[in-house]
Amino acid sequence: MRKGFALVSTLIMLVVLMALLTAYFVLTRVELGTTQASVRQTTGFYAAEAGLNLRAEEIRAKFLGYNRPQGTSPSLTNPCQGSNQGSGDFACKTYTFSGRTVRTYVVEDPNNPRNVTIPPGELYENLDAQEYRYSLFSEAIGPDGRTEAVLELVFKSRLVPMFQFATFYNKDLEILPGPPMNLNGRVHTNGDLYLNAGNTLTIQGQVSTAGTLYRGRKDASSCGGTVNIYKENNQPASLPCGPGNSRRSFSQGDVGAWGSRIQIGVNPVTVPPPEDLDPLPGKTYWEKADLRLGLDLYTTPPTVKVYRVQGGANTPDLAATAALNACVGAVGTSDTFYNWREGKRIRMLDVDLRKLLDCVHVNRLVFGFPLDDATEGGLVFHFTVFGPDSGRVNNYGVRIKNGAEIASTLPGAPRPRGLTIITDQAVYIQGDFNKTNWIPAAFLADSLNILSNAWTDDTRSYRTLSQRAASDTEVNAAFLAGTDVTGGAEGPSGQDQGNYNGGLENYPRFHETWSGKTLTYRGSFVSLGTPRHVNGPWCGTGGGGTYDPLTGRISGRTGCNIYNPPTRNWSYEVRFSQGQLPPLSPRFVYLRQERFLREFERP
């Protein structure tokens, strides 16, 4: 019996062990399956998320150049199956990530667009924006054909006109005025921000930088003066220098006392490139301009022509060109302007603005638009120079004269609703502009120069600065133009290298001695890059000396002989923030996420 009992006991133990072993194998198999499913789900999740990011970027990019996404979404019942694919920018699109097939599509909010004011406390608070909402869907399908993740992203694409800022840069921004300066608007840069003062700099609006905020100079590790920035209670507070009046950097935690009024390290926003100003078919500003004028240097003598875009090519409009040239004095060309900063004479396309408006009014059927055209919010004029050096560093320019009032001189002619003047070359504003009967106006150019009411041309390179005396002048327009780079490089690598770019206070290029004279300016400063065509560096102020006719040189010279600065009576044009923007105002685009959902996943 003992042997039988032992055998039974052994068999029972074997059964128990087999049961335990079977349970272990089953549990291990389940755990392996669960782990594999978890790995698949995680991989699928990240693949689906990558699909969302790509589609969101495509939607954002569509808004550049005044476009917007177009198309139809697939039906929400079995989307992206069979013929249910949608169309255009909202159609189904498939990607491959990590061995997963990722199907994506877009659904537009039927209430697009909305005109919104960005809420207080958010970046770009209180700015007006055009807001579009979209839902993006992304499904990741594994190698076995099973769905591993379905994600939904609901986001807003906001288009914000840049001229709602006192200053907006897509590069390092330096504000280092000598005399007291008050900026009554917002300041933003996609680069680093340097704030310094010879006396007192006060900024009343929100300050934001995608880079680092520095108190002090970029070209030297020094700091001086007083910099005040308004806090959320609308009271100014001073931003301190570093020890021993050295340059100091700030983190977001260092400026907590300012609340949302100072924001550091924000996401850079997407802006149009300077190349958008080029006079080429397909380029936004050239295509959308009401009037395209080009000085053709390939003809003898050089001739100003009106152009149209036909079949993807620039074609002279013979009828409009004949009408234009019959308007005596409206346009012309000269090479009697000597640019001391560049050290060369400039071949100008000269435009008498009021005579040009007279010409358009008389020939409105030939030109194809009236003076009160409202297609883009007002008139958009693109002026350029077509010559051997148009696409590189050159001596070309566009000069605007007789613009104190932007209106025709003819009785009964309608007033323009607004005017934006665009050129891919350097622009020279001579005399008062938009001083009388203000309308929204802007200049978009490669670089921007201001000549006073007292300016007269002279081809002589030896005129002393005292021979170029300015008079009080007023300009009321937004500016978008290229600016120099301190130290030859954006970012920290350009620090302490000298070659100061002149800062915001020298954004307009001057060519006269303004000592004791005032430049009154109301507008907005935008810089998206460096000048591509007329790019002489800033070298400081001062001049003087005496011309010696025997040697042909100036003796006793004490400076660059380029300019002495004006008294700057400058301020932001607050009407730009009240909806009165120039036509075709440039905009930046940024996305704001509203909701992110993981719809479901299948093991």
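Closest of all the heavy-atom pairs between Val160 and Ile118 is CG2-CD1, 4.3 Å. The minimum heavy-atom distance linking Lys283 with Asp278 is given by the pair CB-O, 3.4 Å. Between Trp258 and Ala237, the shortest heavy-atom distance links the atoms CZ2-O, 3.5 Å. Smallest separation of non-hydrogen atoms from Tyr105 and Cys80: CD2-SG, 3.7 Å. Closest of all the heavy-atom pairs between Leu277 and Asp424 is O-CB, 3.5 Å. Across every non-hydrogen atom of Pro440 and Pro583, the tightest pair is O-CD, 4.0 Å.
Aromatic ring pairs are classed by plane angle as parallel below 30°, tilted from 30° to 60° and perpendicular above 60°; the pair Trp538 and Tyr500 is perpendicular. Ring geometry, Phe63 versus Tyr132: the interplanar angle falls from 30° to 60°, so the pair is classed tilted. Taking the six-membered ring where the residue is Trp, Phe525 and Trp570 present tilted rings, their angle falling between 30° and 60°. In this structure, Trp438 and Phe576 have tilted ring planes: the angle between them lies in the 30° to 60° band.
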- Message: Let's go through Asp128 and Ser577 carefully: what are the C-alpha distance in whole Å and the side-chain angles of both, what is the deciding distance for side chain to side chain contact (heavy atoms under 4.5 Å, CB included) to 0.1 Å, and is it a yes or a no?
- Response: CA-CA 7 Å; Asp128 292 331; Ser577 292; over 6 Å; no
- Task: Carefully, step by step, assess Glu405 and Asn437 under the rule side chain to side chain donor-acceptor pair (under 3.5 Å).
- Result: CA-CA 6 Å; Glu405 181 177 7; Asn437 294 324; 2.8 Å; yes
- Task: With side chain to side chain donor-acceptor pair (under 3.5 Å) as the test, would you mind laying out the steps for Gln206 and Arg261 before giving the verdict?
- Result: CA-CA 4 Å; Gln206 186 184 60; Arg261 288 299 183 92; over 6 Å; no
- I would like to know whether Met162 and Gln164 meet side chain to side chain contact (heavy atoms under 4.5 Å, CB included); could you show each step before the answer? CA-CA 5 Å; Met162 298 180 204; Gln164 293 182 97; over 6 Å; no
- Message: With side chain to side chain contact (heavy atoms under 4.5 Å, CB included) as the criterion, how do Lys288 and His382 come out once you've worked through the C-alpha distance, each side chain's angles and the decisive distance to 0.1 Å?
- Response: CA-CA 9 Å; Lys288 289 184 175 291; His382 196 304; over 6 Å; no
- Task: Given side chain to side chain contact (heavy atoms under 4.5 Å, CB included), test Val526 with Phe165 step by step and report yes or no.
- Result: CA-CA 8 Å; Val526 175; Phe165 290 78; over 6 Å; no
- Is there a side chain to side chain donor-acceptor pair (under 3.5 Å) between Thr104 and Arg55 once you walk through the steps? CA-CA 8 Å; Thr104 67; Arg55 288 307 293 268; 2.9 Å; yes
- Verify side chain to side chain donor-acceptor pair (under 3.5 Å) between Ser260 and Glu232, making sure each step is shown before the conclusion. CA-CA 7 Å; Ser260 64; Glu232 289 181 325; 2.7 Å; yes
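In this structure, the separation between OG1 on Thr473 and OH on Tyr521 is 14.5 Å, given to the nearest 0.5 Å. Note that CG of Asn501 is 6.0 Å distant from OG1 of Thr483, once rounded to the nearest 0.5 Å. Annotation: the span from Asn535 atom CG to Thr530 atom OG1 amounts to 7.5 Å, rounded to 0.5 Å. In this structure, the separation between OG on Ser208 and CG on Asn267 is 11.5 Å, given to the nearest 0.5 Å. Atom CD1 of Ile59 and atom CZ of Arg68 lie 10.5 Å apart (nearest 0.5 Å).
No salt bridge links Arg133 with Glu108; every basic N to acidic carboxylate O contact stays at or beyond 4.0 Å. Contact check on Asp484 versus Lys218 returns no salt bridge, with no Lys/Arg side-chain nitrogen under 4.0 Å from an Asp/Glu carboxylate oxygen. Using a cut-off of 4.0 Å between Lys/Arg side-chain N and Asp/Glu carboxylate O, Glu125 and Arg186 are scored as not salt-bridged. Using a 4.0 Å cut-off between charged nitrogen and carboxylate oxygen, Arg592 and Glu122 count as a salt-bridge pair.
Counted by atom type alone, Asn506 and Arg568 present one or more donor-acceptor pairs between their side chains at under 3.5 Å. Under 3.5 Å, the side chains of Ser221 and Ser246 contain no donor-acceptor pair of N or O atoms. Remark: the Gln495 side chain and the Arg247 side chain contain an N/O donor-acceptor pair separated by less than 3.5 Å. In this structure, a donor-acceptor pair under 3.5 Å is absent between the side chains of Tyr95 and Ser138.
Side-chain atoms of Asn228 and Thr226, non-hydrogen and from C-beta on, do get closer than 4.5 Å to each other. Residues Ile406 and Leu357 form a side-chain contact, since some pair of their non-hydrogen atoms from C-beta on lies under 4.5 Å apart. Thr94 has its side chain out of reach of Val102: every pair of non-hydrogen atoms, C-beta onward, lies at least 4.5 Å apart. Here the side chains of Ile422 and Trp286 are not in contact, with every heavy-atom distance at 4.5 Å or above. Side-chain contact between Ile450 and Tyr507: absent, with no pair of heavy atoms (C-beta onward) separated by less than 4.5 Å. Using a 4.5 Å cut-off on side-chain heavy atoms (C-beta onward), Arg532 and Pro274 make contact. In this structure, the side chains of Ile203 and Tyr230 stay at 4.5 Å or more apart for every pair of heavy atoms. Using a 4.5 Å heavy-atom cutoff, the side chains of Asn190 and Glu490 are not in contact.
Counting non-hydrogen atoms of neighbouring residues, nucleotides and ligands closer than 6.0 angstrom, the CZ atom of Phe250 exceeds 12 such neighbours.
Taking the six-membered ring where the residue is Trp, the centroids of Phe168 and Phe163 are separated by 6.0 Å or more. Centroid-to-centroid, the aromatic rings of Tyr124 and Tyr590 come within less than 6.0 Å.
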